[in-house]
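These figures come from a predicted structure and were not determined experimentally. Note that these values count all heavy atoms, side chains included, but never hydrogens, waters or copies made by symmetry.
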Amino acid sequence: MNRLFHVPLSPFCRKVRLSLAEKKIEVELVEEKYWERSSDFLRRNPAGKVPILKMDGKLLSESGPICEYIEERHPEPALLPDDADGRYEVRRLVNWFDDKFHHEVTSNLLYERVNKKVMGAGYPESRNIKAGAKAIKYHLDYMGWLLEQRRWLAGNTMTLADFAAAAHLSALDYISDVDWNRNENVREWYAKIKSRPAFRSILADQIPGFPQPPHYSDLDF
């Protein structure tokens with residue numbers, strides 16, 4: 001049985017979960033308190049990070065390589081285009097969300113509001129929250145610009161780029177930190193991807209101490 005060591009609101013874990021679910025690969029989810037740095041956890045990944053996927057008798061780490069491994073081992077339905085230009089654009093956008101968006105938005109909002117409390121790492125820094133709230137507007141506008149020209153973020157078919165973006169935004173939506181009224185194209189894109197069967201387990205997540213907002217699992221939000 002495949003096993004994913006994860007944290008429910010981690011966008012990197014969610015990206016892997018979405019890839020597995022879209023390809024209908026069964027996996028056992030095991031919550032990992034990575035900040036406790038247990039010896040068993042560090043044996044699985046000395047880098048001390050999640051996600052970790054146990055598949056094909058291997059322990060796989062780092063969400064990007066994990067998703068590409070899944071893609072190569074289970075190519076249907078495809079989450080990467082056939083052509084080099086298309087694959088480049090997907091990888092560019094995955095990196096955009098997992099690097100730029102993560103550092104400017106996710107770490108300033110989700111990590112300050114949720115991770116610090118869960119980990120007992122002190123109180124949120126208001127200046128970081130303000131920076132994240134400001135930066136997300138720019139990112140939503142950029143997504144809206146992309147979606148004016150394309151059906152999906154990287155082109156005319158859904159790809160791993162959409163899952164990377166949705167992983168971050170769904171985690172932020174859990175704490176009501178996304179203004180879905182800012183851009184209609186982004187709102188429609190998210191409603192479309194949120195309605196996919198692959199999203200079901202993510203919409204069922206419940207974080208102790210952080211109740212789901214009323215709209216979170218509503219497909220007609």
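Salt bridge annotation for R87-E71: absent, with no cationic side-chain nitrogen under 4.0 angstrom from a carboxylate oxygen.
Heavy atoms from other residues, nucleotides or ligands lying under 6.0 Å from CD of Q206 number more than 12. Within 6.0 Å of atom NZ in K116, more than 12 heavy atoms from other residues, nucleotides or ligands are found, so the atom counts as buried in its surroundings. In the displayed structure, D82 atom CG is contacted under 6.0 Å by at most 12 heavy atoms of other residues, nucleotides or ligands. Residue-environment remark: NZ (K192) exceeds the threshold of 12 foreign heavy atoms within 6.0 Å. For R151, the CZ atom counts as loosely surrounded, since its 6.0 Å shell holds 12 or fewer non-hydrogen atoms of other residues, nucleotides or ligands.
If you check the side chains of Y34 and N45, you find no donor sitting under 3.5 Å from an acceptor. Between W35 and N115, the side chains place no donor N or O within less than 3.5 Å of an acceptor N or O (distance only, hydrogens not considered).
Formation of a donor-acceptor pair under 3.5 Å by the Y174 side chain with backbone atoms of F210 is found in this model. In this structure a side-chain-to-backbone donor-acceptor pair under 3.5 Å is present from N108 to E104. At distances below 3.5 Å, not a single donor-acceptor pair connects side-chain atoms of K54 with backbone N or O atoms of L60. No donor-acceptor pair closer than 3.5 Å links the side chain of Y190 to the backbone N or O of L169. Using modelled atom types, one side-chain atom of S107 and one backbone atom of H102 make a donor-acceptor pair closer than 3.5 Å. Distance alone, capped at 3.5 Å, places no donor-acceptor pair between the K194 side chain and the A166 backbone. The backbone N or O of G64 lies less than 3.5 Å from no partner atom in the side chain of E68, so there is not a single donor-acceptor pair. Between the side chain of Q212 and the backbone N or O of D205 there is at least one donor-acceptor pair closer than 3.5 Å. Judged by distance alone, the side chain of D162 and the main-chain N or O of L153 form a donor-acceptor pair under 3.5 Å. A donor-acceptor contact shorter than 3.5 Å is absent between the side chain of E22 and the backbone of P77.
Residues N185 and G144 come closest through the heavy atom pair ND2-O, 3.6 Å. The two atoms that bring E112 and E125 nearest to each other are OE1-N, 2.8 Å, heavy atoms only. Across all their heavy atoms, A154 and E89 have their closest contact at O-CG, 3.8 Å. Smallest separation of non-hydrogen atoms from N2 and D56: OD1-N, 4.4 Å. Contact record, S176 with H215: OG-CE1, 3.6 Å, taken as the closest heavy-atom pair. Minimum heavy-atom separation, L160 to S19: CD1-OG, 3.4 Å.
Under the 4.5 Å side-chain heavy-atom criterion for ILVMFWY residues, a single connected hydrophobic cluster contains both F101 and I129. No chain of hydrophobic side-chain contacts below 4.5 Å, direct or via other Ile, Leu, Val, Met, Phe, Trp or Tyr residues, connects L59 to Y69. Linking ILVMFWY side-chain heavy atoms closer than 4.5 Å, directly or via other members, places V105 and L146 in a single hydrophobic cluster. Each of I66 and F41 belongs to its own hydrophobic cluster when Ile, Leu, Val, Met, Phe, Trp and Tyr are linked at side-chain heavy-atom distances under 4.5 angstrom. Neither L29 nor F199 shares a network with the other; the hydrophobic side chains, linked directly or stepwise wherever heavy atoms of I, L, V, M, F, W or Y lie under 4.5 Å apart, form separate groups for each.
The shortest side-chain heavy-atom distance between L20 and L53 falls under the 4.5 Å cut-off. Residues V16 and L4 are in side-chain contact: their nearest non-hydrogen atoms beyond the backbone lie under 4.5 Å apart. Under the 4.5 Å side-chain criterion, counting only non-hydrogen atoms from C-beta, D177 is in contact with R113. Counting heavy atoms from C-beta on, the side chains of I25 and H74 come closer than 4.5 Å. Two residues are said to be in side-chain contact when any heavy atoms from C-beta on lie closer than 4.5 Å; Y216 and I202 meet this criterion.
Between C13 atom SG and L18 atom CG the span is 11.5 Å, to the nearest 0.5 Å. With rounding to the nearest 0.5 Å, the separation of OG in S10 from CG in L110 is 8.5 Å. A distance of 9.0 Å separates CZ of R187 from CH2 of W180, quoted to the nearest 0.5 Å. Separating the CZ atom in R14 from the OG atom in S201 is a distance of 8.5 Å, to the nearest 0.5 Å. Here the CD atom belonging to E72 is positioned 9.0 Å from the CG atom belonging to L80, to the nearest 0.5 angstrom. The CE atom of M55 sits 10.5 Å away from the CE atom of M1 when rounded to the nearest 0.5 Å.
If you look at H168 and F12, their ring centroids are closer than 6.0 Å. Checked against a 6.0 Å centroid threshold, the rings of H103 and Y111 do not count as neighbours.
Partner of L9 under the side-chain contact (heavy atoms from CB on, under 4.5 Å) criterion, chosen from L172, T106, I207: I207. Checking each of K49, H6, R44 against E32 for a side chain to side chain donor-acceptor pair (under 3.5 Å) leaves exactly one that passes, namely R44.
With a 6.0 Å cutoff to the six-membered ring centre and a 45° limit on the axis angle, K15 does not count as a cation-pi contact of F97.
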Step-by-step side chain to side chain contact (heavy atoms under 4.5 Å, CB included) determination, N95 to K100: CA-CA 7 Å; N95 191 68; K100 185 175 176 65; over 6 Å; no
Audit row: D179, K137, side chain to side chain contact (heavy atoms under 4.5 Å, CB included) steps and yes/no: CA-CA 8 Å; D179 178 9; K137 296 176 183 178; over 6 Å; no
